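I have placed the structure first, in the form of C-alpha cells, so that the comments after it can refer back to it.
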Amino acid sequence: MIWNPEVECMPIEERKKLQTRRLQETVWRCYTHVPAYRKKMQDAGITPDDIRSVDDLKLLPFTTRDDLRDSYPFGMFAVPMEDVVRIHSSSGTTGKPKVVGYTRKDVDTWSELMARTISCGGAGKHDIIQNAYGYGLFTGGLGIHYGAEKIGATVVPISGGNTKRQIMIMQDFGSTMIACTPSYALFIAEVAEEEGVDIQKLPLKFGIFGAEPWTDNMRKEIERRLQIRATDIYGLSEVMGPGVASECEAQDGLHVFDDHFVPEIIDPITLEPVAPGTPGELVFTSLTKEAFPILRYRTRDLSVLNTAQCTCGRTHARMGRITGRTDDMLIIRGVNVYPSQIESVLLEAEGVAPHYLIVVNRVDSLDNLEVWVEVSDQVFTDEVKGLESLSRKIAASIETVLGISVTVKLVEPRTIERSEGKAKRVVDNRPKV
Ligand code: DLL
C-alpha cells in the first residue's frame, strides 16, 4: 500500500518545484540561525539568494561528521532549546557522539515518513508490529514506534534483546511484522529453529530491516528462514533516523523520500557530483527539518542513484542497496576490500552459516586477511578432510572476488558472537598509523 500517494507518486517536475521552494527556506534557516553554516557559506562566497533552484545545491559547502562533532552537543541547532522536543544521538567508533534534535513538527514529519516506510514494507493498520530495534538515544526504536502508531498498527515496543522472549511474544501476540537489524533477524530465526518453533505456523509476514549493511543474499536467507518479505530500510541520525529511504514491494532500490531529503552521489575523492547510475558517496540535504537542518551531509555510505520510474508507481528517486562505507573499506596489501564483498560470497557458499568475522592482522609487516565463518551443523559432523576442502573452496571464491589471498577458518556452529543490534563484522588488529 502507498501511504501518501499524492506526494509519493507526484509528477517529478512538480516535486522539483517543491524541492526548490523548500531548499530555499532551509538554506535561509541555516544561514540565519546556525553560525557554522553562515561561516561556511561566507567562506564559499555565496548567500542564500544564490540558490535559485534545487539544481544549485552543488554551490553549497558540504557538512561532515567533524562539523557535527565540533559543534557538540547543540551548536548546529537552528531553533531555541525551548522548541526542541526530542534529542537523539549516534555514537561512532571514536570521540563524542553526534547529537540531533527535533521540534514537534520534525517529529510529525518523521512519523509521516516512517508511516510511508512501514507501508512500503507491507504493513497497515491491521498489523501487529514487533519493534525489536533498540529504544533510547538510537533512532531505530522510537522512529519505527511513531510510524507504526501513525498508520494505526498495533506496536509491540519490545526493543532489542532477550531473543527467547522475542519468540514467545511473536507466537503469543501473533506479530505480523518484525522490525530489527538484519543480523538480529537471522539470530531470531536461529533461536526459533533451536527451540523447535514451527515458523510456518507463525503469522509473521513482513520484516523491515536496516541500520547496518546487508546483502541481497542475506535477504534471501532471512526471507527463507522466517518465511517473510524482507524490506531494506535506510536512514541515519544526522539526517533524521530511519525513514530516509525504503524499498517497496518491487525490491529494486530504496525510494528516497525526496520531498524531504535531496540525495546526491559524489565522487568521494574529487567531491564532484557524478552522473546518475555511477556509484559513489551519498550526500543528503534536508528540506523541511526545523531543529537540525542539514546541508549536503557526507554520509560516507556508498550507493548509486536511479531516477527511472519504479513499477510501484512512486516517483521518488531510488538509491541502490548500500554497498559499504568509505570508512569500512579495508586496504589490504594495497587492495580495497569491502566486508559486503566477502559476505556475498559466504552467503552463496554451501555448508556455512551466515555468521562471520573478518580479522586482519599484520604478520612480519604483511597484512593477513582471515575470514572466520561458522559451518552448518550438518557439515560440522563431517570428517576433517571435508572441512579442509570446504575452506579451500570458499577461500578460492573470495580470492576470485577480491584478487588477494585469504585464509578461511571454519569455526563451530554458534561460536561467533551474535548481535542484538548492529553487528560487528571486522576486527582490524593492525597497528594504527
Ligand atoms: O541506523 C537509523 C536506522 C534505524 C536505519 C533503523 C534503519 C533502521 P545511525 O545509528 O545514525 O542510524 O546509523 C546510520 O547506519 O550511515 C549506514 O552506514 C548504516 N545504515 C542504516 N541503514 C542501512 C541500510 C540508523 N539499510 C548508519 N543498509 C548509516 C546499510 C545502513 N547500512
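All values reported here derive from a predicted model rather than from experimental measurement. Both counts, for ligands and for their atoms, begin at 1 and track the order of listing.
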Quiz item: For ligand 1, which atoms have a heavy atom of D232 less than 4.0 angstrom away?
Solution: 24 (C), 26 (N)
Quiz item: Can a salt bridge be assigned to the pair D108 and R104 using a cut-off of 4.0 Å between side-chain N and carboxylate O?
Solution: no
Quiz prompt | Check ion pair D367-R362 (N to O, under 4.0 angstrom) | solution = yes
Quiz item: What protein heavy atom is closest to atom 11 (O) of ligand 1, reported as residue, atom name and distance in Å?
Solution: S237 OG, 2.6 Å
Quiz item: Hey, is I322 touching ligand 1 through its side chain, its backbone, both or neither, going by heavy atoms under 4.0 Å?
Solution: side chain
Exercise. Determine whether any heavy atom of R321 lies closer than 4.0 Å to an atom of ligand 1.
Key: no
Quiz prompt | Atom indices of ligand 1, in the order listed, that fall short of 4.0 Å to a heavy atom of P213 | solution = 30 (C), 32 (N)
Practice problem: Any ring-ring contact (aromatic ring centres under 6.0 Å, His included) involving residues 211-237? Give me the pairs, sequence neighbours left out, ordered by first then second residue. | Solution: F209-W214
Quiz prompt | R414/E194 ion pair, N-O < 4.0 Å | solution = yes
Exercise. Please state which part of A211 comes within less than 4.0 Å of ligand 1, counting heavy atoms only: side chain, backbone, both or neither.
Key: both
Quiz item: Mind checking whether S119 and I151 have side chains closer than 4.5 Å, heavy atoms only?
Solution: yes
Exercise. With heavy atoms of G140 as the reference, note each atom of ligand 1 found under 4.0 Å away.
Key: 4 (C), 6 (C)
Quiz item: Can you check side chain to side chain donor-acceptor pair (under 3.5 Å) on N217 and E343, steps first, answer last?
Solution: CA-CA 8 Å; N217 283 335; E343 181 179 305; over 6 Å; no
Self-check item: Pairing of R318 and E247 as salt bridge, 4.0 angstrom limit
Solution: no
Exercise. Can you pull out the closest protein heavy atom to atom 31 (C) of ligand 1? Residue, atom name and distance to 0.1 Å, please.
Key: E212 N, 3.6 Å
Self-check item: Residue, atom name and distance, where the atom is the protein heavy atom closest to atom 10 (O) of ligand 1
Solution: K422 NZ, 3.0 Å
Quiz item: Below 4.0 angstrom, N of the basic side chain to O of the carboxylate: do E25 and R22 qualify?
Solution: no
Exercise. Using distance alone, decide if ligand 1 has a nitrogen or oxygen within less than 3.5 Å of any nitrogen or oxygen in T299.
Key: no
Exercise. Specify side chain, backbone, both or neither for I233, according to which of its non-hydrogen atoms lie closer than 4.0 Å to ligand 1.
Key: both
Quiz prompt | Identity and separation of the nearest protein heavy atom to atom 16 (O) of ligand 1 | solution = D301 OD2, 2.7 Å
Practice problem: Compare all side-chain heavy atoms of C120 with those of W3 and state whether any distance is below 4.5 angstrom. | Solution: no
Self-check item: Residue portion contacting ligand 1 (non-hydrogen atoms closer than 4.0 Å) for R300
Solution: neither
Practice problem: Flag the pair V262 / L23 as yes when at least one side-chain heavy-atom distance between them is below 4.5 Å, and no otherwise. | Solution: no
Practice problem: Looking only at distances, please establish whether an N/O atom of ligand 1 is found under 3.5 Å from an N/O atom of Y133. | Solution: no
Quiz prompt | Residue and atom name of the nearest protein heavy atom (relative to atom 25 (C) of ligand 1), distance in Å to one decimal | solution = G235 O, 3.6 Å
Exercise. For R325, take its heavy atoms, then give the atoms of ligand 1 lying under 4.0 Å from any of them.
Key: 16 (O), 18 (O)
Exercise. Could you list which atoms of ligand 1 come closer than 4.0 Å to a heavy atom of F138?
Key: 1 (O), 4 (C), 10 (O), 25 (C)
Exercise. Scan for ring-ring contact (aromatic ring centres under 6.0 Å, His included) pairs involving residues 295-329, sequence neighbours excluded, and state none if there are none.
Key: F257-H316
